[in-house]
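If you're wondering where the values come from, they're calculated on a predicted model, not measured in any experiment. Ligands are counted one by one from 1 in listed order, and the atoms in each one are counted from 1 as well.
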Amino acid sequence: MPHIIVTGAAGFIGSHTVDCLLNSGHTVTGLDNFRTGQRANLAAALTRPDFTFHECDVARPGVLAALAAARPVDAIIHLAALVSVPESIAQPALNHSLNIEATFHVAEAARLHRVPRVVFASSAAVYGEPVRLPVSESDEKNPISPYGAAKLASEAILLGHAAAYGFVVRCHRYFNVFGPRQDPASPYSGVISIFQRQYRESRPVTVYGDGCQTRDFISVHDVARANALATTASHSGIANICTGQGTSLLELASHFARRHPAAGSPIHAPARAGDILHSIGNPSEAQRTLGFRATVTVESGLAELGAE
Ligand code: UD1
């Protein structure tokens, strides 16, 4: 059975990726330092004999390389990161360490221990405000945060190592990922997890700006499947992981309002500083190179959240 290391295994995307890999017959080693990940996210995985977990920090040199040396690895899926854009602005040095240096250690572990494939969690944040819609991988990259810049730099580090030392790297630019286990507690959480909690508690949601801004919301189940698919890719490359469909904030609020008719109308507040107006990805590269196509619609994804 293929053996896959997942960094950031206890996180939102990491834990779903672990579950997806285990359910498709892989042997998985999960790593997490619980900085933002939660042990509870791995509740199902921890009962499985084909899952091993290590509490450790992949930003420390040698940690990942030691694990890759101990047992042959078919792929590393590198999801461990500082995941908050505002936190990257408040703490650029921490962003550098957790998002750039940690990626370099992943690249080195792959080089030193002949790991044939690395899958990397990049972000639509590399585009900044997209120059056209839907945005494609070769379009201009204008990151507007240390987070977006670190993701772009990390892609380059991994792809350079891959070309020089002969392994395959797949960089996945995730768009707005939503689904179960996304922590709604932080004010910087994804809008769907925030709305879900507020509607469930019958509190009105806040829409920043006029609500006409659009996002390409993709289910974490689709993202996990894309990650698993990339562990057998034959060529390095970059792909948007998105649906190609935009949903406005007003449409999103009305989806929720249909499910929670007792909740009041949304409150409008000024647009957030630095908010991007429209973000929609072109999904054709992921389809061409991985055979990946998103299958979960926003409505069915919200139905799953409501059923929790
Ligand atoms: C998302 C990512 C970010 C990434 C960026 C790339 C999340 C949490 N953030 O930011 O990591 O860099 O895409 O383009 O996935 N909103 C409201 N009310 C709320 C909360 C949010 O109206 O209570 C609005 C925001 O103003 C924004 C939209 O909803 O216009 C989406 O916000 P959010 O989920 O935070 O994601 P992004 O800002 O797109």
Check: Is there any N or O on Q182 that sits under 3.5 Å from an N or O of ligand 1?
Finding: no
Margin query: Regarding ligand 1, does V191 bring an N or O atom to under 3.5 Å of one of the ligand's N or O atoms?
Written below: yes
Salt bridge flag under 4.0 Å for residues [X] and [Y]:
X	Y	answer
R173	E155	yes
D74	R117	no
D19	R181	yes
D222	R225	yes

Note to self: If we only consider heavy atoms of F175, is any one of them less than 4.0 Å away from an atom in ligand 1?
What the structure shows: no
Notebook entry, point to check: Of the backbone atoms (N, CA, C, O) and the side-chain heavy atoms from C-beta on, which set of Y127 has a member under 4.0 Å from an atom of ligand 1: side chain, backbone, both, or neither?
Noted result: neither
Notebook entry, point to check: Is ligand 1 under 4.0 Å from a heavy atom in the side chain of D275, in the backbone, in both, or in neither?
Noted result: side chain
Item checked: Member of L98, N95, T36, L94 meeting the side chain to side chain contact (heavy atoms under 4.5 Å, CB included) criterion with E87 -> L94
Item checked: side-chain contact (heavy atoms from CB on, under 4.5 Å) evaluation trace for H26 with T231 -> CA-CA 11 Å; H26 296 78; T231 62; 4.2 Å; yes
Taking only heavy atoms of [X], which atoms of ligand 1 are found under 4.0 Å from at least one of them?
X	value
V207	22 (O)
T206	17 (C), 18 (N), 19 (C), 22 (O), 23 (O)
I194	23 (O)
V85	3 (C), 11 (O), 12 (O)
R215	27 (C), 30 (O), 31 (C), 37 (P), 38 (O), 39 (O)

Checklist line | Side chains of Q287 and S284, donor plus acceptor under 3.5 Å | finding: no
Note to self: For a quick check under 3.5 Å, do E129 and H278 share a side-chain donor-acceptor pair by atom type?
What the structure shows: no
Would you tell me which option among [options] has the nearest heavy-atom contact to [atom]?
atom	options	result
atom 17 (C) of ligand 1	F178, F217, Y208	Y208
atom 8 (C) of ligand 1	P86, G190, A271, A253	G190
atom 33 (P) of ligand 1	E129, R272, H268	R272
atom 28 (C) of ligand 1	L252, V83, L249	L249

Next item on the list: Linking directly or through intermediates, with side-chain heavy atoms under 4.5 Å: list the remaining ILVMFWY members grouped with V126, chain and number order.
Entry: Y127, V135, L152, F175
